[in-house]
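Each ligand, and each atom within it, is numbered from 1 in the order the structure gives.
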Amino acid sequence: MKWNTDVTVVGGGPVGLMLACELRLAGCEVLLLERRAERGSHSRALSMHARTVETLGLRGLAPRFIERGRPFAVGHYGALETMLDFSALDSSYPFQLVIPQSMTEQLLEEHALALGVRIQRGALVETVRQDAAGVVATGQLGQQRFSASAAWLVGCDGARSLVRQQAGIDFEGYAASTTAILGDVQLRAPLPAPAIMKVSEEGVLMIVPLGDGLHHRLIVIDARRCRLPVTEPVTLAELADGAQRIAGIDYLPTAPRWLSRFSDETRHAGRYREGRILLAGDAAHIHMPAGGQGMNVGMQDAFNLGWKLAAVVQGQAPQALLDSYHDERHPLGAQLFRNTMAQTVLMTAFDVRGLALRSQLSALLMQPQANLQLAQEISGLGIGYPASLNTPPAAVLPEWSGRRLRDHGIAPAGSVHGLLHRGEWLYLRLSDKAPLSVACTGRVHTVRGDSDAVPGARALLVRPDGYVDYALA
Ligand SMILES: Cc1cc2nc3c(=O)[nH]c(=O)nc-3n(C[C@H](O)[C@H](O)[C@H](O)COP(=O)(O)OP(=O)(O)OC[C@H]3O[C@@H](n4cnc5c(N)ncnc54)[C@H](O)[C@@H]3O)c2cc1C
């Protein structure tokens, strides 16, 4: 079996699906190869943070996710007692959306199919070879061999990425120091609150509803068992025993739907691009799932890469634009490791000194400014990019370059994000003195905006992913 397409995406997790949607929206032919014959049913990522919901909103998709999830105005940092207050975030979505990854994948897959992405399930990629003209992936589909040729290939194939290995990209980092267990279970004892977090010298326990009215996610970091290897199977008895010792209450977990052990192994791809092969999501970075960030960061990788790769495929931008993907996203991977490693230390600080550290930091988080800073980091809203990608035709207001554009107060229609649904560049003319058009790497949608919206600016050029490229003074 042979395919020929513009871009092959390997891996149909949330990141591969998001990327495929973006590429297809921009008009590329996309083949997505996924080894699993059926969609995954495990809840895995539960937290979808504000910037990810906002990102989906940039394409008009946020309402269908919000409808299937449950907004929580608070979140945790390192399981500290003082919660992060997401309601203080400057966003139209000031919350974290609790939605199982299986549902996120379902909704993204439905959208991808509606856009015309070709999704080939049961296709295990085994080799990836590139030359100056393109990339060929070969593998097994049932009893048949297949070969998929494309101008570009993106590895969204998760932590053990074959694409990364075949491209010769290193994956340096730190071996696991801690393991935790999770169980998606039913509880026979009533809970005093919708969500629970307990920390004691015995460890950390978190309980979150899975949203189906039946199951809860229990996470246990058991001080006595957190050095077990990640390969050690988990039993319901182990989960129940750890939870009871930590909380001092038996919540009577039963009927496990999923039991798993995970670790704080932390690794980062040395580069996100090797010639015609790119990496995104867990293929590029893994870490402790603390604060619920891996899928969110991966989906942001895809959102950064999609329009850039589409512009290169369609001859609207030089290949050099793809280097900005590595330049913009790689430092954020490093930042992610700092916060997840710090959180791991806090979540495993069980002795009396560690508990003292936790209590000091928890008190600090009562300060609104400190709380907001971490809430912005975890939510993804704190991110900006350092430089303009296009050359401005006149002087700019430097503080706007690379800044995330909020969804209010600019366009006459009220929602500036609504103007980005087609995934094009947006040129917002805020004054009659602004140039009538600007040159940039991709299709541009020009709109006359509200002149008072950005004081001192005559015009804004906004990237398809919702960051300002520049504001003309
Ligand atoms: C317990 C736990 C809780 C978590 N909670 C959160 C959370 O709340 N929020 C959050 O943001 N993140 C969370 N994460 C992290 C999140 O699950 C991952 O970051 C996310 O799944 C990464 O998505 P991905 O698409 O990059 O990779 P994956 O989801 O791993 O998808 C990769 C896909 O590639 C396919 N594939 C692999 N190899 C091949 C091949 N050779 N050929 C074809 N297909 C292939 C796989 O079958 C898979 O479908 C959590 C993780 C764990 C373990």
Taking only heavy atoms of Leu33, which atoms of ligand 1 are found under 4.0 Å from at least one of them?
-> 43 (C), 44 (N)

Relative to the heavy atoms of Gly13, which atoms of ligand 1 are at a distance of less than 4.0 Å?
-> 25 (O), 31 (O), 33 (C), 49 (O)

Using distance alone, decide if ligand 1 has a nitrogen or oxygen within less than 3.5 Å of any nitrogen or oxygen in Glu34.
-> yes

Do ligand 1 and Leu182 have nitrogen or oxygen atoms that lie under 3.5 Å from each other?
-> no

Mind telling me whether His268 and Phe337 have parallel, tilted or perpendicular rings, with 30° and 60° as the class edges?
-> perpendicular

Is Gly294 close to ligand 1, meaning an N/O of one under 3.5 Å from an N/O of the other?
-> yes

Within 45° cone of Tyr467 ring axis and under 6.0 Å: Arg51 NZ or CZ = yes

Just distances here: any N/O of Leu46 and N/O of ligand 1 closer than 3.5 Å?
-> yes

Pick out which of Tyr272, Trp152, Phe303 makes a ring pair (Phe, Tyr, Trp, His ring centres under 6.0 Å) with Tyr325.
-> Tyr272

Report yes if some N/O of Gly292 lies less than 3.5 Å from some N/O of ligand 1; otherwise report no.
-> yes

Restricting to heavy atoms, the pick from Asp157, Leu279, Leu17 nearest atom 37 (C) of ligand 1 would be Asp157

For Asp282 and ligand 1, does the shortest N/O to N/O distance drop below 3.5 Å?
-> yes

Are side-chain N/O atoms of Asn296 and Gln300 paired as donor and acceptor at under 3.5 Å?
-> no

Candidate pair Arg257 and Asp212, rule salt bridge (Lys or Arg N to Asp or Glu O under 4.0 Å), full reasoning = CA-CA 13 Å; Arg257 202 162 64 170; Asp212 60 359; 3.4 Å; yes

Within-cut-off N or O pair, Met295 and ligand 1, under 3.5 Å = yes

N or O contact, Glu105 vs ligand 1, cut-off under 3.5 Å | no

Is there a heavy atom in Pro14 that sits closer than 4.0 Å to ligand 1?
-> yes

If we ignore angles and hydrogens, is there a donor and acceptor under 3.5 Å between the side chains of Arg118 and Thr5?
-> no

From Gly75, Pro289, Gly291 - option closest to atom 51 (C) of ligand 1 by heavy atom | Pro289

Close-contact set for ligand 1 against Val15 heavy atoms, below 4.0 Å = 23 (O), 24 (P), 25 (O), 26 (O)

Does Ser260 reach ligand 1, in the sense of a heavy atom lying below 4.0 Å from it?
-> no

